[in-house]
Peer 1: 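The structure that follows is given in the form of structure tokens.
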Amino acid sequence: VYPAGDASIRLNQIGYAPTLPKRATVVNTSTTPVAWQLRNAAGTAVASGTTTVKGNDAASGDYVHTVDFSSFTGTGEGFRLEVAGRSSHAFTIANGVYNQLAKDSLAFFYHQRSGIAIQAALVGSPYARPAGHLGISPNRGDTDVPCQPGVCDYRLDARGGWYDAGDQGKYVVNGGISVWQLLDAYERSRNVSGANRNAFADGSQAIPEAGNGVSDILDEARWEIEFLLRMQVPVGKPKAGMAFHKLHDQNWTGIPQRPETDSQLRELHPPSTAATLNLAAVAAQCARVWKTINPTFATTCQTAAERAWTAARANPAVYASGSDSTGGGAYGDNDVSDEFYWAAAELYVTTGSSTYSSFLASSPHNAGASVSKNFGWPTTAALGDITLATVPNGLSSSTGATIRQRIVTQADALLNIINTQGYGVPLGSAEYWWGSSGEVNNRATLLALAADFTGQTKYRDGALSALDYLLGRNALGNSYVTGFGTVYSKNQHHRFWAHQNDASLPNPPAGSLAGGPDSALEDDIARQRLGGCAPQKCYIDDIGSYSTNEVAINWNSGLVWLAAYAAEKAAG
Ligand code: 9MR
């Protein structure tokens, strides 16, 4: 409804909450501060001040100033920030400013479901499609899937779950972290007081299970958990209790490719210790979350978790190859000490058994070590820490305090990074790698938790600064979330939301997060179009650029967590 503003003023394009920080970055070559005004929709100046000269920003190559208009606590729509005679995009200031983002980032998962029709009544007709991969021709999966030759001599019903990303593979390690982040957001929401305590209540989302009496975020997570459980090697088979690493097409399909018309053979790839431990961790988390909601399902999860743990201990070094990437992603990982730590933490919190606390104490990731600021699908020790630090358990209070403190220590390092960046992002200029948007989310989670543990608002503000970056306060002035802001990504790499290549198909739905800048230029479009880019500018909204512009469940799950956090804080 509002015309676009000047691209030199980069801010959170959806807007800010009245009582939270409001910061922007402006490209301006002046070496001295310049004046700014905040104008309401009627054009009246409601706040003013001068910029802070930040200077050369290595990540972007831009010469920038920052603007802090936090002191304005009014509300409304159609605000614009004016600097040096230029006026920004219009934005909102309101307590509910992030509510729709939390909702739509979670809706992404329903859209990604395999093995179920996506209903027009729930998502609108452009996004509706028949069920994919239920063994109905021309599909050849996923109800009766063979292994790759030599891997097993039986077939598995591995229907359901979510498609990973723009491809239609299903990978246990990436499903694991994604489910965990949704369930962690749920567990956290139970401890929140005030308006957002029931942010994910039953009936809050447009999903088939709405109205069943169970929180919708749990319903969504369960769709994937049921798939993960199906990936466990059956009793009586070799490597029983382990999990197959992944299931995907024999060869890469092109774009577009509707799920229900995929004719490739689908195959199970060998079990791995990493996948087995992801199953153990998430199934243990499932067992405690559903304990009173659905005791039968909780027991199923706990049994699977314990079987997986035992199988991983018996097969501790079965690694998925990093080069197994024909027809699907590799998700290879040769260090599973962190997956062991995470699984032991989840099992300990759920069962209280000393088997797991002893294991934790002797792990290289034990309370005496530091926690990595990079957590993600290959790096999961922080997930164990977060659970140990936030869910009541039997560890001594001093061990709990040590674990919380190391998250705070890492949050301090992230604040230092934010303060050196022209755009307030918790990424150093050498840290724009594949899935950088997901990295930003996950680092923001550590900051948010440090705020919870210490009560210090500087950490909360760091987490919100990360969200500002994703929503437009960045060197490209682009919101990486479809449908949010004035200028946003809409041609993400996806086989069904492939409007750029086929006008009969839709663009990605609102709430889809693009992977973001990747300075390694890992696809042909990026290499052809982005040569010489400053790290934060190594991004292109083109469907062919899978290394900068794909969507993925593990990136959107982090966005759900962060958006829910921001919505909670914005509610006041
Ligand atoms: O997110 C993954 C990233 O960390 C890796 O560097 C990259 C290359 O191996 O793969 C990413 O995951 C992709 C997966 O392999 C296949 N489905 C799409 C995923 C997102 O691009």
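Counting starts at 1 for both ligands and their atoms, following the listed order.
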Peer 1: Please check if the distance between the ring centroids of Phe496 and Tyr163 is under 6.0 Å.
Peer 2: no
Peer 1: I'd like to check Leu471 versus Tyr488 (side-chain heavy atoms, cut-off strictly below 4.5 Å). Are they in contact?
Peer 2: no
Peer 1: Between the main-chain N or O of Ala243 and the side-chain N or O of Thr276, is there a donor-acceptor pair closer than 3.5 Å?
Peer 2: yes
Peer 1: Numbering the atoms of ligand 1 from 1, which are under 4.0 Å from a heavy atom of Ala165?
Peer 2: 17 (N), 18 (C)
Peer 1: Answer yes if a protein heavy atom lies under 4.0 Å from atom 9 (O) of ligand 1, otherwise answer no.
Peer 2: no
Peer 1: Parallel, tilted or perpendicular: which describes the rings of Trp309 and Phe340, with under 30° parallel and over 60° perpendicular?
Peer 2: perpendicular
Peer 1: Please report which non-hydrogen protein atom sits nearest to atom 18 (C) of ligand 1, along with the residue it belongs to and the distance in Å to one decimal place.
Peer 2: Glu550 OE2, 3.2 Å
Peer 1: Among Ile553, Asp164, Asn174, Asn554, which residue places a heavy atom closest to atom 17 (N) of ligand 1?
Peer 2: Asp164
Peer 1: Under 3.5 Å, is there a donor on one side chain and an acceptor on the other for Glu346 and Trp180?
Peer 2: yes
Peer 1: Please write down residue, atom name and distance for the protein heavy atom closest to atom 2 (C) of ligand 1.
Peer 2: Trp377 NE1, 3.6 Å
Peer 1: Check for me whether the distance between the ring centres of His111 and Tyr127 falls short of 6.0 Å.
Peer 2: yes
Peer 1: Would you mind listing which atoms of ligand 1 come within a distance below 4.0 Å of any non-hydrogen atom of Asp167?
Peer 2: 16 (C), 17 (N), 18 (C)
Peer 1: Nearest protein heavy-atom contact for atom 15 (O) of ligand 1: which residue, which atom, what distance?
Peer 2: Gly329 CA, 3.1 Å
Peer 1: Considering non-hydrogen atoms of the protein only, which is the closest contact for atom 11 (C) of ligand 1, and what is the distance?
Peer 2: Trp434 NE1, 3.8 Å
Peer 1: Below 3.5 angstrom, do we get any N/O pair linking Trp555 and ligand 1?
Peer 2: no
Peer 1: Which residue supplies the protein heavy atom nearest to atom 13 (C) of ligand 1, what is that atom called, and how far is it?
Peer 2: Tyr331 OH, 3.7 Å
Peer 1: Going by heavy atoms in the side chains, are Arg443 and Glu431 under 4.5 Å from each other?
Peer 2: yes
